[in-house]
Visitor: 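A single structure is presented below for examination.
Throughout, residue positions are numbered sequentially from 1 according to the sequence presented.
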Amino acid sequence: MTPWVARLIFLNVLMYALTWLVPGLGDALMFVPALILSRPWTIVTYMFLHGSLGHIFFNMFALFFFGPRIEARLGSRRFLGLYFASGVMGGLLSFTSPMIGVIGASGAVYGVMFAFAYYWPREVVHIWGVLPVEIRWLVAGLTVFSLISGFGGGGDGIAHFAHLGGMAGAWMYLKVMERTSGARRFQARATAAPPSATSTSAIARWSHIQREGLHPVNLEELDRVMAKLQREGVARLTDGEKEFLERFSKR
């Protein structure tokens with residue numbers, strides 16, 4: 001469990017309890033798209049509301065399962081950015097039903113799932129602990145299901161467009177993040193030492209990352225990236241993998 005995944009799960013469970021204990025709290029924090037100008041805070045607060053025990057359980061289970069590896073990959077600040085960008089976009093895409101209230105962390109969680117598939121598309125997960133499927137096909141299937149259900153207007157009480165918005169928000173956030181990171185590296189290279197010297201010093205620094213005290217998820221990712229570095233060289237590392245190594249080499 002990584003820090004912000006644990007905090008988000010705690011906050012969601014706390015808010016679920018409070019909405020049962022405090023009459024009217026859920027209505028005050030629910031997002032109604034048509035009322036966004038008079039209730040702007042609800043575009044964020046709706047993510048911490050859930051209508052049933054099953055609703056919160058499945059959302060928090062998915063966050064627990066997929067979130068730690070994404071937080072370890074991106075860092076806490078960017079993970080939070082991804083989470084809230086996905087949730088906000090999920091709310092905004094709910095404007096297809098402007099007078100219907102929206103609650104739940106599903107948009108944010110779908111964004112986290114999309115990010116997991118973005119970085120590890122061939123990772124195998126087991127549906128119901130039995131059926132193995134690559135995460136890219138699971139996310140693709142959920143996308144198709146949400147599209148069909150959303151446009152079909154099945155009236156099942158599920159905000160399918162919020163799910164789609166969550167994945168769209170995650171995609172946009174990751175693309176902006178990569179472009180911004182690329183621009184910063186380009187500026188840094190303009191005044192940096194020659195590439196060969198920079199690469200050599202970076203590899204030496206990464207090779208001395210202290211493993212003691214690292215979370216098991218971070219250790220797993222460190223071993224994977226360092227194995228790739230030794231096997232394929234620094235030029236084959238992605239921007240995210242280099243940033244991961246840089247972040248832990250400065251601890």
Visitor: Which heavy atom of Phe114 sits nearest to which heavy atom of Ala170, and what is that distance?
Guide: CD2-CB, 3.9 Å
Visitor: Considering all heavy atoms of both residues, which atom of Pro121 and which atom of Ile135 are nearest to each other, and what is their separation?
Guide: O-CG2, 3.4 Å
Visitor: When you measure from the side chain of Glu243 to the backbone N and O of Leu74, does any donor-acceptor pair fall under 3.5 Å?
Guide: no
Visitor: Taking all atoms of both residues into account, what is the closest heavy-atom pair of Met30 and Gly101, and its distance?
Guide: SD-CA, 3.5 Å
Visitor: Using every non-hydrogen atom in the two residues, find where Ser86 and Gly111 come nearest and quote the distance to one decimal.
Guide: OG-CA, 3.4 Å
Visitor: Might you work through the salt bridge (charged side-chain N to carboxylate O under 4.0 Å, His left out) test for Glu123 and Arg136, ending with a clear yes or no?
Guide: CA-CA 8 Å; Glu123 189 88 1; Arg136 57 176 177 165; over 6 Å; no
Visitor: From the options Met113, Lys175, Arg73, select the one residue that forms a side chain to side chain contact (heavy atoms under 4.5 Å, CB included) with Tyr118.
Guide: Lys175
Visitor: Any donor and acceptor pair, going by atom type alone, linking the side chain of Tyr110 with main-chain N or O of Gly87 inside 3.5 Å?
Guide: no
Visitor: Would you say the side chain of Met99 lies within less than 4.5 Å of the side chain of Pro33, judging by non-hydrogen atoms?
Guide: no
Visitor: Is the distance between the ring centroids of Phe244 and Phe248 under 6.0 Å?
Guide: yes
Visitor: Would you name the heavy atoms of Val139 and Met167 that are closest together and state the gap between them?
Guide: CG1-SD, 3.8 Å
Visitor: Is there a side chain to side chain contact (heavy atoms under 4.5 Å, CB included) between His55 and Phe57? Walk through the geometry before answering.
Guide: CA-CA 6 Å; His55 189 198; Phe57 173 79; over 6 Å; no
Visitor: Classify the ring geometry between Phe65 and Phe61 as parallel (under 30°), tilted (30 to 60°) or perpendicular (over 60°).
Guide: parallel
Visitor: Mind telling me whether Phe84 and Phe48 have parallel, tilted or perpendicular rings, with 30° and 60° as the class edges?
Guide: tilted
Visitor: Indicate the atoms forming the closest heavy-atom contact of Val5 with Glu71, along with that distance.
Guide: N-OE1, 3.2 Å
Visitor: Would you please indicate if the ring centroids of Tyr16 and His50 are separated by under 6.0 Å?
Guide: no
Visitor: Could you walk me through whether Leu25 and Leu49 pass side chain to side chain contact (heavy atoms under 4.5 Å, CB included), step by step?
Guide: CA-CA 10 Å; Leu25 181 61; Leu49 305 176; 5.8 Å; no
Visitor: Determine, step by step, whether Asp27 and Arg39 satisfy the salt bridge (charged side-chain N to carboxylate O under 4.0 Å, His left out) criterion, reporting the C-alpha distance in whole Å, the side-chain angles of both residues, the deciding distance to 0.1 Å, and the verdict.
Guide: CA-CA 11 Å; Asp27 292 336; Arg39 295 155 47 95; over 6 Å; no
Visitor: Ignoring hydrogens and geometry, is there a side-chain-to-backbone donor-acceptor pair from Lys228 to Leu237 under 3.5 Å?
Guide: no
